[in-house]
Amino acid sequence: MSDCLFCKIAAGEIPANKIYEDDNVLAFYDIAPQAPVHFLVIPKKHLADLSEIAGDIGNTVTAANCLETCADLAKQLGLGSYRVVSNIGAEAGQSVFHLHFHVLGGRELGRIAG
């Protein structure tokens, strides 16, 4: 998608502090970190959000690869505990409408009711 910030980052058109990249997934540090460790994991393929994986095995595998990357990088960075968040929709705080997962750690994180 030509006007998508994360598509431009994935294509190398906009620089990012990358920590992992393969053919399908990119991980980079958040430019406004909310924890001592805060990075994003995105599929290189444009998916607006998790609703686009329903009924599409390729997109489901892509999302699973992103989550696997979240776990692998958290381990490599020495995070014993961490949070993975994906905001879906503007009311939930999504500001870039390209599927992405925030990984936050490095300090005690507040509890989420539930």
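Worth knowing before you read on, the calculation uses all heavy atoms, side chains too, and leaves out hydrogens, waters and symmetry mates.
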Is there a continuous path of hydrophobic side-chain contacts, each under 4.5 Å between heavy atoms, that joins L67 to I88?
yes

Here the gap from L73 atom CG to L79 atom CG, rounded to the nearest 0.5 Å, amounts to 9.5 Å

Separation of F39 CZ from I19 CD1 (nearest 0.5 Å)
4.5 Å

Where do I14 and L5 land on the side-chain contact (heavy atoms from CB on, under 4.5 Å) test, with the steps shown first?
CA-CA 8 Å; I14 295 175; L5 174 66; 3.5 Å; yes

Do the ring planes of H38 and H102 sit parallel (below 30°), tilted (30 to 60°) or perpendicular (above 60°)?
tilted

Restricting to side-chain hydrogen bond (donor to acceptor under 3.5 Å, both in side chains), what partner residues turn up for K75, sequence neighbours left out?
none

Partner set under ring pair (Phe, Tyr, Trp, His ring centres under 6.0 Å) for F101, not counting sequence neighbours:
none

Any pair with a residue in residues 71-95 that passes ring pair (Phe, Tyr, Trp, His ring centres under 6.0 Å), sequence neighbours left out, goes on the list, sorted by first then second residue, please.
none

Could you pull out all residues at least two apart from S51 that satisfy side-chain hydrogen bond (donor to acceptor under 3.5 Å, both in side chains)?
D49

At their closest point, which heavy atom of V84 faces which heavy atom of V103, and how far apart are they?
CG2-CG2, 4.2 Å

same_hphob_cluster(I53, V96) at 4.5 Å side-chain heavy-atom cutoff:
no

Search all heavy atoms of C66 against all heavy atoms of P43 and return the closest pair with its distance.
SG-N, 3.5 Å

Kindly say whether H98 contributes a backbone atom to a donor-acceptor pair with the side chain of H100 at under 3.5 angstrom?
yes

E52 side-chain N/O to A48 backbone N/O, donor-acceptor pair under 3.5 Å:
yes

Would you confirm whether R83, through its side chain, and G110, through its main-chain N or O, come within 3.5 Å as a donor-acceptor pair?
yes

To the nearest 0.5 Å, atom CG of N24 lies from atom OG1 of T69 at 9.5 Å

Answer yes or no: are there more than 12 heavy-atom neighbours, outside E13 itself, under 6.0 Å from its atom CD?
yes

Who else is in L104's hydrophobic cluster (ILVMFWY, side-chain heavy atoms under 4.5 Å, direct or via others)?
V85, L109

For E21, check salt bridge (Lys or Arg N to Asp or Glu O under 4.0 Å) against everything at least two apart and list the hits.
K18, K44

CZ on F6 to CG on L99, rounded to 0.5 Å
10.0 Å

What is the minimum heavy-atom distance between A32 and D30, and which atoms define it?
N-OD1, 2.7 Å

What's the separation between atom CG in L50 and atom OG in S86, rounded to the nearest 0.5 Å?
4.5 Å

To the nearest 0.5 Å, what is the distance between CG on L47 and SG on C7?
9.0 Å

For A10 against L26, the heavy-atom pair lying closest together
CA-CD2, 3.8 Å

Assess the residue pair K45 and N59 against the criterion (side-chain contact (heavy atoms from CB on, under 4.5 Å)); give the C-alpha distance rounded to whole Å, side-chain angles, the decisive distance to 0.1 Å, and a yes or no.
CA-CA 9 Å; K45 175 183 179 181; N59 289 349; 2.6 Å; yes

If you compare all heavy atoms of D3 against all heavy atoms of K8, which two are closest, and at what distance to 0.1 Å?
CA-CE, 4.2 Å

Which atom of G106 lies closest to which atom of P36, heavy atoms considered
O-CG, 3.6 Å

Under 4.5 Å between side-chain heavy atoms, counting indirect links through other Ile/Leu/Val/Met/Phe/Trp/Tyr residues: same cluster for Y20 and V41 or not?
yes

